[in-house]
Amino acid sequence: MSETPASEPISSPSSTPPTRALHEQTVARLNSQAALFELGFATHPHSYAKTHSAAEVVTAHPTLEPGTHWQEQQYAVAGRIMLMRQMGKAAFANLQDESGDVQLFFSKNTLVTPEHFEAVKQLDLGDVIGVRGHAFVTKTGQLTLEVSEFTPLVKSLHPLPDKHHGLKDIETRSRMRYLDLMVSDDSRRTFVIRSRVVRYIRNFLDTLGFMEVEGPTLQAIAGGTEAKPFVTHHNALSHDFYLRIALELHLKRLLVGGFEKVFEIGRVYRNEGIDLTHNPEFTMLELYWAYVDYEAIMDLVEKLFSGLALEIFGSTTFEIDGKAVDWSAPFARVDYLGELNAKVPDLDFDPLELDQLRAFCDARYPQWKKVPDYKLLDKLFGEYVEPHCINPTFVMHHPTVISPLAKEHPSRAGITERFELFAMGFELCNAFSELNDAVDQRQRFEAQAARRDAGDDEAHPIDEDFLLALEYGMPPAGGLGIGIDRLIMLLADKRSIRDVLLFPLLRPH
RNA sequence: GGAGCGUUAGCUCAAUUGGCAGAGCAGUUGACUCUUAAUCAGCGGGUUGUUGGUUCGAUUCCAACACGCUCCA
């Protein structure tokens, strides 16, 4: 079937004079759009019946004997022109679609009409076109689509970033993500990995019988962790609401309700600064599993992460940032205080006394004078242990003082049934046997509320609604939280969270 | 909040002891029927982030501000 250039209903190119000054290169492109219209090509066709992807065309013909033609197999491919090499009566172009690239060959002899050949000269880098033709191998052995006819689908009114250097400025890459995706294979790869990781996790949990749910993002009290929330206002209820900072408290209500395996993958919002590893909105996975403790969660995490490595890298051992990482189970398991005592010079505390710790740190780390007592452990841990966990390592049994929502260890005072997984010096997840003693929970909330009254605006008021649910009895349960963005950073080998978020928060222009 | 670095053409980057602002890509005109970041010849394109100051002269020096990046708190 042959399409004549004018077969689509033709809409005339816009003749409305623009109100703002147009860049020289935009004018040139509007002119070439008008020239295409004069040649009989519609400016914005409604669809294009593509039959194959660029990658399918290339992989369908493994023979690379120069001069080979496959006339019998016709392809219709659509995508964006990324490179173009015109020479008199012939031209080569690289057409890019979601699957990859295919080289196109246009020539005066092989195009169906003289209008088509004239139209080739009006194609610009960045234009989206549909092409029909057959595959052949060039003199230099490259599989190429010989175009017999083509359809301009939409003109790019702006020039593409430099075809060799691409787009380097991280702000522009984030702000104009579509350009970044157009010109950067690496960026496309990152977001494909992101999608595969999330899909893998969903499938994995589905297979284990977990139910995916959705909690509210607008909450009367933002709880579940300590962070400053965003505030918004609901007009009809005439009440301020907070954007959620964690998924936890509503998922636990579902355990009270009788669901036994629930998880949510969703956005949480924290009103805090932006840096290499923080964006005000990011994605968390939280999971709660009734009638098990943290040991079962640890087994689940081990299976999940070694399976993920296999899924993404095809192996449980792979290299990140030049370092070989081994994701085969079982992961190393170390005790929080034991590891701290082993790694921090001169430290030897067990059980832990905050007073002792304060004195220890004041003597050695005067720059931490203003750090609250209960955060000193985290400081030491972040300094001496975390960066050295290259292979995945479970750090277990955190002190109660830094684990307000975890259940205490049955035989070790001041220690909780909790673990974190570290790899590549990164925290990947946090899990524990969940506190389900409503009285204890109330006391911990009251302590937090007291800190809030004392001026700590990361502490939250008592969530009576949640406490009431807990008082009806939440079965013993293990819970898990995973920061999806950081996981993607690790798997895609990206240093900045902005590189794994399609649209990170930016100051409005 | 503090410190350091940065902001030059659509993109990637030069340059100036303070003296006409430069290249490659992209654009445009022309040549070219097997190119690969095509090539060759010609031509356009700049409020050097903003506002002040010093100076005969500022894109360069100074100050403030804006925005960005990095590190620290």
Side-chain angles (χ1 to χ4, degrees), chain A residues 20-33 35 54 58 64-69 80-96 100-111 114 116-118 120-127 133 135-147 155-176 178-180 182-185 272-279 365-372 375-376 378-379 382-383 495-499 504-509:
Chain A
R20 66 198 163 102
L22 291 181
H23 191 273
E24 148 197 34
Q25 304 211 29
T26 297
V27 172
R29 283 157 183 270
L30 285 169
N31 288 341
S32 70
Q33 184 178 62
V58 174
L64 291 182
E65 187 61 38
T68 314
H69 280 253
R80 193 180 292 277
I81 300 171
M82 298 306 289
L83 292 171
M84 184 109 93
R85 300 171 287 281
Q86 303 224 35
M87 46 210 148
K89 299 186 180 64
F92 287 91
N94 291 49
L95 189 77
Q96 173 177 290
D101 284 274
V102 63
Q103 177 168 267
L104 307 179
F105 177 67
F106 302 89
S107 85
K108 195 163 191 173
N109 291 344
T110 55
L111 285 161
H116 273 86
F117 180 67
E118 287 304 309
V120 171
K121 298 171 185 166
Q122 300 300 332
L123 295 177
D124 291 300
L125 295 185
D127 288 2
F136 77 107
V137 180
T138 65
K139 286 175 183 169
T140 53
Q142 176 159 2
L143 198 285
T144 299
L145 193 70
E146 182 176 297
V147 178
K155 170 73 63 182
S156 170
L157 297 180
H158 296 281
L160 296 183
D162 187 284
K163 64 186 176 189
H164 185 50
H165 299 96
L167 201 53
K168 292 209 166 157
D169 180 64
I170 185 160
E171 187 192 356
T172 310
R173 289 200 341 247
S174 305
R175 211 175 271 287
M176 304 175 79
Y178 48 93
L179 277 186
D180 178 42
M182 253 182 240
V183 301
S184 167
D185 293 343
E272 55 197 20
I274 298 172
D275 63 25
L276 274 186
T277 54
H278 295 86
N279 191 66
Y365 312 97
Q367 69 272 29
W368 293 349
K369 286 272 188 207
K370 280 187 273 181
V371 176
K375 283 185 179 164
L376 284 172
D378 276 341
K379 294 291 285 185
E383 192 83 9
R495 203 170 146 256
S496 167
I497 194 171
R498 275 169 304 208
D499 286 329
L505 188 73
L506 299 165
R507 187 184 297 271
H509 267 170

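FYI, side chains are in, hydrogens and waters are out, and symmetry mates aren't considered; it's all heavy atoms of this structure.
Residue contacts shown for A:Lys168 are limited to sugar-phosphate atoms, with no base heavy atom under 4.0 Å away. At the heavy-atom level, A:Arg173 lies nowhere under 4.0 Å from the strands shown. Within 4.0 Å of A:Phe106, counting heavy atoms only, lies no atom of the nucleic acid at all. Heavy atoms of A:Leu179 sit nowhere under 4.0 angstrom from any nucleic acid atom.
In this entry the distance linking CG of A:Asp499 with P of B:C69 reads 11 Å, nearest Å. If you take CD of A:Gln122 and C1' of B:G27, they are 13 Å apart, rounded to a whole angstrom. For the pair A:Ile81 CD1 and B:A37 P, the computed distance is 17 Å after rounding to whole Å. Between A:Ile274 atom CD1 and B:G1 atom C1' the separation is 16 Å, expressed in whole Å. If you take CG of A:Leu30 and C1' of B:G27, they are 14 Å apart, rounded to a whole angstrom. With rounding to whole Å, A:Leu506 atom CG is found 13 Å from B:C67 atom P. Atom CD1 in A:Ile497 sits roughly 14 Å away from atom P in B:C69 (whole-Å rounding). A:Lys375 places its NZ atom 14 Å from the P atom of B:A73, with the value rounded to the nearest Å.
The side chain of A:Asp169 lies closest to B:U12, out of B:U12, B:C34, B:U70. Closest approach to the A:Ala28 side chain among B:U70, B:C34, B:G27 is made by B:G27 (side chain taken as heavy atoms from C-beta onward). The side chain of A:Glu171 approaches B:G68 more closely than any other nucleotide in the set B:C71, B:C34, B:G68.
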Within the sub-3.5 Å range, which N or O atoms of nucleotides 24-26 of chain B have a protein N or O partner, and how far apart are they?
from  : atom 1 : to       : atom 2 : distance (Å)
B:G24 : N2     : A:Asp162 : OD2    : 2.6
B:C25 : O3'    : A:Lys163 : NZ     : 3.2
B:A26 : OP1    : A:Lys163 : NZ     : 2.4
B:A26 : O2'    : A:Gln25  : OE1    : 3.2
B:A26 : N3     : A:Gln25  : NE2    : 2.9

Protein-nucleic acid N or O pairs under 3.5 Å, nucleotides 29-32 of chain B:
from  : atom 1 : to      : atom 2 : distance (Å)
B:C32 : N3     : A:Gly88 : N      : 3.1
B:C32 : N4     : A:Gly88 : N      : 3.2

Output one line per pair: protein atom, nucleotide atom from nucleotides 3-7 of chain B, and distance, for all N/O pairs under 3.5 Å.
none

Please write out each protein N/O paired with an N/O of nucleotides 48-50 of chain B under 3.5 Å, distance rounded to 0.1 Å.
none

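Annotation: ring pair (Phe, Tyr, Trp, His ring centres under 6.0 Å) contacts of A:His165 (sequence neighbours excluded): none. With sequence neighbours excluded, no residue satisfies salt bridge (Lys or Arg N to Asp or Glu O under 4.0 Å) with A:Asp275. Residues passing the salt bridge (Lys or Arg N to Asp or Glu O under 4.0 Å) test with A:Lys121, sequence neighbours excluded: A:Glu118. Applying the ring pair (Phe, Tyr, Trp, His ring centres under 6.0 Å) test to A:Phe117 and every residue at least two apart in sequence or in another chain returns nothing. Residues passing the salt bridge (Lys or Arg N to Asp or Glu O under 4.0 Å) test with A:Arg85: none are found, sequence neighbours excluded. Remark: A:Asp499 engages A:Arg173 in a salt bridge (Lys or Arg N to Asp or Glu O under 4.0 Å) (not counting sequence neighbours). With sequence neighbours left out, the side-chain hydrogen bond (donor to acceptor under 3.5 Å, both in side chains) criterion links A:Asn31 to no other residue.
Remark: the separation of the P atoms in B:C13 and B:U8 is 10 Å, to the nearest Å. Taking the P atom of each, B:C67 and B:C20 are spaced 33 Å apart, rounded to whole Å. To the nearest whole angstrom, the two P atoms, one in B:A64 and one in B:A23, are 36 Å apart. Annotation: B:C34 and B:A38 have their C1' atoms spaced 11 Å apart (nearest Å). When the P atom is compared between B:C72 and B:C65, the two are found 25 Å apart, to the nearest whole Å. For B:G45 and B:C25, the C1' atoms lie 14 Å apart once the distance is rounded to whole Å. When the P atom is compared between B:U7 and B:U48, the two are found 14 Å apart, to the nearest whole Å. The P atoms of B:U54 and B:A63 are separated by 15 Å, rounded to the nearest whole Å.
A distance of 9.5 Å separates CG of A:Leu276 from CD1 of A:Ile497, quoted to the nearest 0.5 Å. For the atom pair CG of A:Leu376 and CH2 of A:Trp368, the computed distance is 7.5 Å after rounding to the nearest 0.5 Å. Taking CZ from A:Arg80 and CG from A:Asp127, the interatomic distance works out to 8.5 Å, rounded to the nearest 0.5 Å.
The minimum heavy-atom distance between A:Ile81 and A:Ala93, with the atom names listed, is CG2-CB, 4.3 Å. Nearest heavy-atom pair, A:Thr138 versus A:Gln103, reported as atom, atom and distance to 0.1 Å: CG2-NE2, 3.9 Å. The two atoms that bring A:Asp101 and A:Gln96 nearest to each other are OD1-CB, 3.7 Å, heavy atoms only. Residues A:Gln86 and A:Leu123 share a closest heavy-atom pair of NE2-O, 4.4 Å. Minimum heavy-atom separation, A:His158 to A:Ser156: O-OG, 2.8 Å.
The closest side-chain donor-acceptor pair between A:Ser32 and A:Asp124 falls under 3.5 angstrom.
For RNA chain B, if you chain together Watson-Crick or G-U pairs that step i with j, i+1 with j-1 and so on, the runs of at least three with distances under 3.5 Å are B:1-7 with B:66-72, B:10-13 with B:22-25, B:27-31 with B:39-43, B:49-53 with B:61-65.
Side-chain atoms of A:Asn109 come within donor-acceptor range of the base of B:U33, with a qualifying N/O pair under 3.5 Å. For A:Gln103 against B:U35, a side-chain-to-base donor-acceptor contact under 3.5 Å is present.
Both A:Thr138 and A:Leu167 lie close to RNA chain B; mapped to their nearest nucleotides by heavy-atom distance, the more 5′-ward contact belongs to A:Leu167. Annotation: of the two residues near RNA chain B, A:Arg175 and A:Gly166, the 5′-most nearest-nucleotide partner is A:Gly166.
For B:A38, one of the phosphate oxygens OP1 or OP2 lies less than 4.0 angstrom from a side-chain nitrogen or oxygen of A:Arg85. Between A:His158 and B:G10, a side-chain N or O to OP1/OP2 separation shorter than 4.0 Å is absent. Neither OP1 nor OP2 of B:C69 sits under 4.0 Å from any side-chain N or O of A:Arg495.
Note: A:Phe136 and A:His69 have parallel aromatic rings, judged against thresholds of 30 and 60 degrees for the angle between ring planes.
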message: Test side-chain contact (heavy atoms from CB on, under 4.5 Å) on A:Met82 and A:Val183; report intermediate values, then the result.
response: CA-CA 8 Å; A:Met82 298 306 289; A:Val183 301; 4.1 Å; yes

